[in-house]
Student: 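I'd like to ask you about the structure that follows.
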Amino acid sequence: MTGFTIALVLVVAAAGLLRWRRPAWYWLTFGVIFAALRVLVRYASVMDACGLTAPPSRWRLALARMTNQPVPESRSPRILRLRPTRTGLVLRLKLRPGQDAFDIAAASDRLRHSFSMHGVTSRELRSGVVEVRMTGYDVLKRVQMPAKTDSRPMRVPVALREDGSVHYRDYRAIPHALTLGATESGKSVYQRNLVAGLAPMDVALVGIDCKQGVELYPLARRFSALADNPDTAAELLDALVARMEGVYQLIRAEQRITADVPDAEIAADIWDLPDHLRPTPIVVLVDEVAELALFANKEEEKRRDRIITSLARLAQLGRAAGIYLEICGQRFGSELGKGITMLRAQLTGRTAHRVNDETSANMAFGDISPDAVLAAIQIPAEMRGLAIAGDSTGGWHRIRAPHTSLRQAVNICNRHADLTPDLHELAPFRPALTSTAAASAPLTEPSPA
């Protein structure tokens, strides 16, 4: 008996230590079993207490009266499947007649407390079927991306969502995006994750970094074009617009609209073209958009109008030509001048890290969801990298990107430097890789002193 007691104490101590130091390990070893039992045992009473039960149907009441039986009780949504994951549980429910998916979403906070879980979110899979995702611990406190992700061409895993799923930046689904964040909010780390994820893909990277290139020039080996000042940025954007027009001419010439060609084979963008004719897609990263919109005199105002016009044209027309925009900035508001709100309207994806004012959050999510605006301005300063990600459909999530140092991003870009395409329209803006630049970016991590 003494041996069993000692073993039990050691197991309890190990579980407590894991829960404190390694919550993910604790969940996979102990937490998932306790949570599944807790959900199954408490399920009926919790659903009843949360008002998620449906009254008995008329035929059940009639049958009870005919057979002189007690009145049947209200029924909870039926559990179709309970599946454990590396971060929590996934519960698939079949709703009863008269119930709505909004009822489950509205009760998510009560379900979280009742089942003693860290977070609960829900989404409707199809009519009458709702998926409830429960997380067993704070997955955003120490972000650990899963070893296997569903990566596809132009689809990059960049962060982890609060429900434990992976947040992807899918350029074919959401061509253009706006990323906001104050200084030291984690915006640069998010951008590095994007570049690191795009580096192994068949894509051309174009950067505009008006902070004299301090953010993007260390990654220059993987960039086909870089601009470090507004004057060069204006010329680079003009070259991109010219390339876009040339790609449209190619699509027109290869549309294959004769009567004997099936509709599905008629080309309307670069992805409908044959592989040997398809131009290389381009992702344009603008590090600080406010620097492109500010001006101090008439000449700079003309340059500013030229830049914003080019960006707006690329945002409106660039998708079919395979040109995608990733606009980043600390501040984004209507006071940046004419054309800014028109540009924002074309940026479907929105990501906001901690911002210094509510106006920036409103520019990101005001036309999407008031709840997302409130969540964005409540991000604490000590949670660097935490962000709110949404799109024009109104859905939004809390996400956090894994910490990627500049050294790690440089190593990834250098490793895939041979994939950098040489585009003749952008040749004048190809970054010069001098021996000094190469020496400042070694391929390996420096050894600790």
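Here the structure is a predicted model, which means the values were calculated and not measured.
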Student: So do Y137 and T87 actually touch side chain to side chain, heavy atoms under 4.5 Å?
Tutor: yes

Student: Using a 4.5 Å cut-off on heavy atoms from C-beta on, say whether the side chain of R38 contacts that of M117.
Tutor: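 Yes, side chains in contact.
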
Student: Any heavy-atom pair between the side chains of L419 and D202 that's under 4.5 Å?
Tutor: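 D202 does not reach L419 side chain to side chain.
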
Student: Taking the side chain from R169 and the backbone from I174, do they hold a donor-acceptor pair closer than 3.5 Å?
Tutor: yes

Student: Decide, yes or no, whether a salt bridge links R152 with D170 under the criterion of side-chain N to carboxylate O below 4.0 Å.
Tutor: no

Student: Any side-chain heavy-atom pair from P279 and R243 closer than 4.5 angstrom?
Tutor: yes

Student: What heavy-atom pair brings R221 and C413 nearest, and what distance separates the two atoms?
Tutor: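 Scanning both residues completely, I find the closest heavy atoms to be CB-O, 4.5 Å.
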
Student: Taking atom CZ as the centre, does R430 end up with more than 12 heavy-atom neighbours from other residues, nucleotides or ligands that are less than 6.0 angstrom away?
Tutor: yes

Student: Does the D209 side chain pair with the main chain of E215, one donor and one acceptor, at a distance under 3.5 Å?
Tutor: yes

Student: Examine distances only and state if a side-chain atom of T232 and a backbone atom of D228 form a donor-acceptor pair shorter than 3.5 Å.
Tutor: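 Side chain of T232 to backbone of D228: no pair is present.
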
Student: Is any side-chain heavy atom of V189 less than 4.5 Å from a side-chain heavy atom of R384?
Tutor: no

Student: Tell me if a side-chain donor or acceptor on H176 pairs with a main-chain N or O of A315 at a distance below 3.5 Å.
Tutor: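 Yes, because the side chain of H176 sits within donor-acceptor range (under 3.5 Å) of the backbone of A315.
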
Student: How long is the straight-line distance from CG of L317 back to CD1 of I323, given to the nearest 0.5 Å?
Tutor: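 Answer for the CD1-CG pair, I323 versus L317, is 9.5 Å.
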
Student: Take L160 and I399, measure what side-chain contact (heavy atoms from CB on, under 4.5 Å) needs, and give me the verdict at the end.
Tutor: CA-CA 5 Å; L160 202 64; I399 65 169; over 6 Å; no

Student: Could you walk me through whether L311 and I327 pass side-chain contact (heavy atoms from CB on, under 4.5 Å), step by step?
Tutor: CA-CA 10 Å; L311 283 174; I327 307 293; 4.3 Å; yes

Student: For R133 and T121, indicate whether the former's side chain and the latter's backbone hold a donor-acceptor pair under 3.5 Å.
Tutor: no

Student: Is there a donor-acceptor contact under 3.5 Å from the side chain of R354 to the main chain of P380?
Tutor: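 No, the answer is negative, given that no donor and acceptor are paired below the 3.5 Å cut-off.
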
Student: Over all heavy atoms of both residues, which pair between A36 and L82 is shortest? Give the atoms and the distance, please.
Tutor: CB-CD2, 4.3 Å

Student: Should I79 and Y43 be marked as a side-chain contact (heavy atoms from CB on, under 4.5 Å) after you check the CA-CA gap, both sets of side-chain angles, and the distance that decides it?
Tutor: CA-CA 9 Å; I79 299 178; Y43 180 75; 3.8 Å; yes

Student: Is the backbone N or O of P431 less than 3.5 Å from a side-chain atom of Y217, with the two atoms forming a donor-acceptor pair by type?
Tutor: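 No.
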
Student: CG/L294 to CG/L292 distance, rounded to the nearest 0.5 angstrom?
Tutor: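 Going from the CG atom of L294 to the CG atom of L292 covers 9.0 Å.
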
Student: Can you measure from CZ (F429) to CG (L226) and round to the nearest 0.5 angstrom?
Tutor: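 Output value for this atom pair is 11.5 Å.
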
Student: Just by distance, no angles: are the side chains of D238 and S310 close enough, under 3.5 Å, to form a donor-acceptor pair?
Tutor: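 Per modelled atom types, D238 and S310 side chains form a pair under 3.5 Å.
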
Student: Side chain to side chain donor-acceptor pair (under 3.5 Å), that's the test. Do N411 and R415 meet it? Break it down for me.
Tutor: CA-CA 6 Å; N411 291 346; R415 193 179 307 128; over 6 Å; no

Student: Under the 3.5 angstrom rule, does the side chain of R400 hit a backbone N or O of L140 as a donor-acceptor pair?
Tutor: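 Side chain of R400 to backbone of L140: a pair is present.
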
Student: If you count every heavy atom of other residues, nucleotides or ligands that lies below 6.0 Å from K211 atom NZ, does the total exceed 12?
Tutor: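 Yes, because the 6.0 Å sphere around NZ of K211 holds more than 12 heavy atoms from other groups.
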
Student: Nearest 0.5 Å please: distance from the CG atom of L240 over to the CZ atom of R313.
Tutor: 11.5 Å

Student: Taking the side chain as every heavy atom from C-beta outward, state whether T341 and M363 have any atom pair closer than 4.5 Å.
Tutor: yes

Student: Using modelled atom types and a 3.5 Å cut-off, is there a donor and acceptor pairing between side-chain atoms of D305 and backbone atoms of K302?
Tutor: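 Side chain of D305 to backbone of K302: no pair is present.
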
Student: Do the rings of H353 and Y190 sit parallel, tilted or perpendicular, given the 30° and 60° boundaries?
Tutor: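 Perpendicular, since the angle between the ring planes exceeds 60°.
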
Student: Minimum heavy-atom separation for T404 to N193, with atom names?
Tutor: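 Looks like OG1-OD1, 3.1 Å.
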
Student: CZ/R222 to CG/L205 distance, rounded to the nearest 0.5 angstrom?
Tutor: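 Interatomic distance, R222 CZ to L205 CG, rounded to 0.5 Å: 5.0 Å.
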
Student: Atom CG of D48 and atom CZ of R75: how far apart are they, to the nearest 0.5 Å?
Tutor: 14.0 Å

Student: Might you work through the side-chain contact (heavy atoms from CB on, under 4.5 Å) test for E131 and L91, ending with a clear yes or no?
Tutor: CA-CA 6 Å; E131 182 182 84; L91 199 63; over 6 Å; no

Student: Salt bridge check, D109 against R112: does any charged N sit closer than 4.0 Å to a carboxylate O?
Tutor: yes

Student: What pair of heavy atoms forms the shortest contact from L406 to R192, and how long is it?
Tutor: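 Taking every non-hydrogen atom into account, N-NH1, 3.5 Å.
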
Student: With F223 as reference, evaluate L285, L426, V206 under the side-chain contact (heavy atoms from CB on, under 4.5 Å) test and give the passing residue.
Tutor: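 Filter result, single survivor: L285.
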
Student: Looking only at non-hydrogen atoms, find the nearest pair between A293 and R304 and report the distance.
Tutor: O-CG, 3.2 Å

Student: For Q330 and S360, which heavy atoms make the closest approach, and how far apart are they?
Tutor: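 So the two residues come closest at O-OG, 4.4 Å.
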
Student: Do the side chains of L111 and L52 get nearer than 4.5 Å, heavy atoms only?
Tutor: yes

Student: Does the T135 side chain pair with the main chain of G119, one donor and one acceptor, at a distance under 3.5 Å?
Tutor: yes

Student: Do R303 and F295 come close enough that some side-chain heavy atom pair is under 4.5 Å?
Tutor: no

